[in-house]
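See structure below.
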Amino acid sequence: MHPFCNAALCWSTILYTGSIAQPADVLLAEVCTTHPAPFSCLLAAAQEVDQLWQEYEQQSTPEAHLVKDFDKLEMIMQAHEYEQSQGLGLQQFFDSTRGRFRTDTG
């Protein structure tokens, strides 16, 4: 990583070039050690993001269920938009969500 990059660029580089198996806080901890001044405040944020991601992946809270439902809703909204704008038949996306929403809101 280039030592003169700005925080936003470095943050996006960490998130998008890191291994999916390696938590963001581990990657960020390495950067914070190498460049402590500009990145020390990001470590706590990265740990919180990792915690929230684990919560989502494990579906361990009502909020995680709601976000998962929103993901499904967003997927079928995009499928509908593509059907309308490009004349595609994307029924399989609608079928894949039938009966799979876990919250009243979703």
Side-chain angles (χ1 to χ4, degrees):
M1 183 171 315
H2 195 280
F4 299 110
C5 64
N6 67 42
L9 176 62
C10 289
W11 179 246
S12 64
T13 301
I14 293 162
L15 292 179
Y16 295 112
T17 61
S19 165
I20 194 73
Q22 191 172 18
D25 61 337
V26 173
L27 296 170
L28 191 57
E30 183 179 321
V31 173
C32 290
T33 303
T34 308
H35 307 288
F39 298 106
S40 59
C41 63
L42 295 178
L43 185 56
Q47 290 169 334
E48 182 178 1
V49 168
D50 184 57
Q51 176 196 0
L52 292 170
W53 177 256
Q54 294 304 319
E55 181 180 301
Y56 170 81
E57 284 291 305
Q58 296 167 7
Q59 290 292 285
S60 59
T61 65
E63 293 84 2
H65 294 291
L66 182 61
V67 172
K68 187 71 162 186
D69 281 356
F70 283 154
D71 281 346
K72 293 174 201 160
L73 179 61
E74 192 268 338
M75 178 189 68
I76 60 175
M77 288 172 63
Q78 279 191 357
H80 176 73
E81 185 176 314
Y82 289 142
E83 282 186 330
Q84 299 300 307
S85 67
Q86 299 179 21
L88 300 172
L90 301 173
Q91 187 60 41
Q92 69 270 20
F93 289 96
F94 300 97
D95 293 343
S96 72
T97 61
R98 186 164 302 146
R100 303 212 39 212
F101 289 94
R102 297 179 66 176
T103 64
D104 292 335
T105 304

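Atoms considered below: every heavy atom in the structure, side chains included; atoms not considered: hydrogens, waters and symmetry mates. Everything numeric here is computed off the predicted structure, so don't read it as measured data.
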| request: Only pairs at least two apart or in different chains count here, so list each salt bridge (Lys or Arg N to Asp or Glu O under 4.0 Å) that has a residue in residues 91-102. | output: D95-R98

| remark: Sorted by chain and residue number, the side-chain contact (heavy atoms from CB on, under 4.5 Å) partners of Q58 (sequence neighbours excluded) come out as Q54, S60

| task | Can you sort out the partners of Q59 under side-chain hydrogen bond (donor to acceptor under 3.5 Å, both in side chains), two or more places apart, ordered by chain and number? | result | H65

| field | Those residues that, when tested against Y56, pass ring pair (Phe, Tyr, Trp, His ring centres under 6.0 Å) (two or more places apart) | value | W53

| field | Partners meeting side-chain hydrogen bond (donor to acceptor under 3.5 Å, both in side chains) with E55 (sequence neighbours left out) | value | T61

| request: Measure the OG1-CD distance between T103 and E63 for me, rounded to the nearest 0.5 Å. | output: 11.0 Å

| Among pairs that include at least one residue of residues 81-90, which meet salt bridge (Lys or Arg N to Asp or Glu O under 4.0 Å), considering only residues two or more places apart or in two chains? | none

| How would you list, by chain and number, every residue that makes a side-chain hydrogen bond (donor to acceptor under 3.5 Å, both in side chains) with E57, sequence neighbours excluded? | none

| said: Holding to side-chain contact (heavy atoms from CB on, under 4.5 Å), I want the full list of residues that pass it with Q86, two or more places apart in sequence or in another chain. | reply: Y82, L88

| query | Could you state the interatomic distance from CG (D71) to CG (L66), rounded to the nearest 0.5 Å? | reply | 10.0 Å

| query | What pairs with M77 under side-chain contact (heavy atoms from CB on, under 4.5 Å), at least two apart in sequence or on another chain? | reply | L73

| request: Working to the nearest 0.5 Å, report the span between NZ of K72 and CZ of F94. | output: 15.5 Å

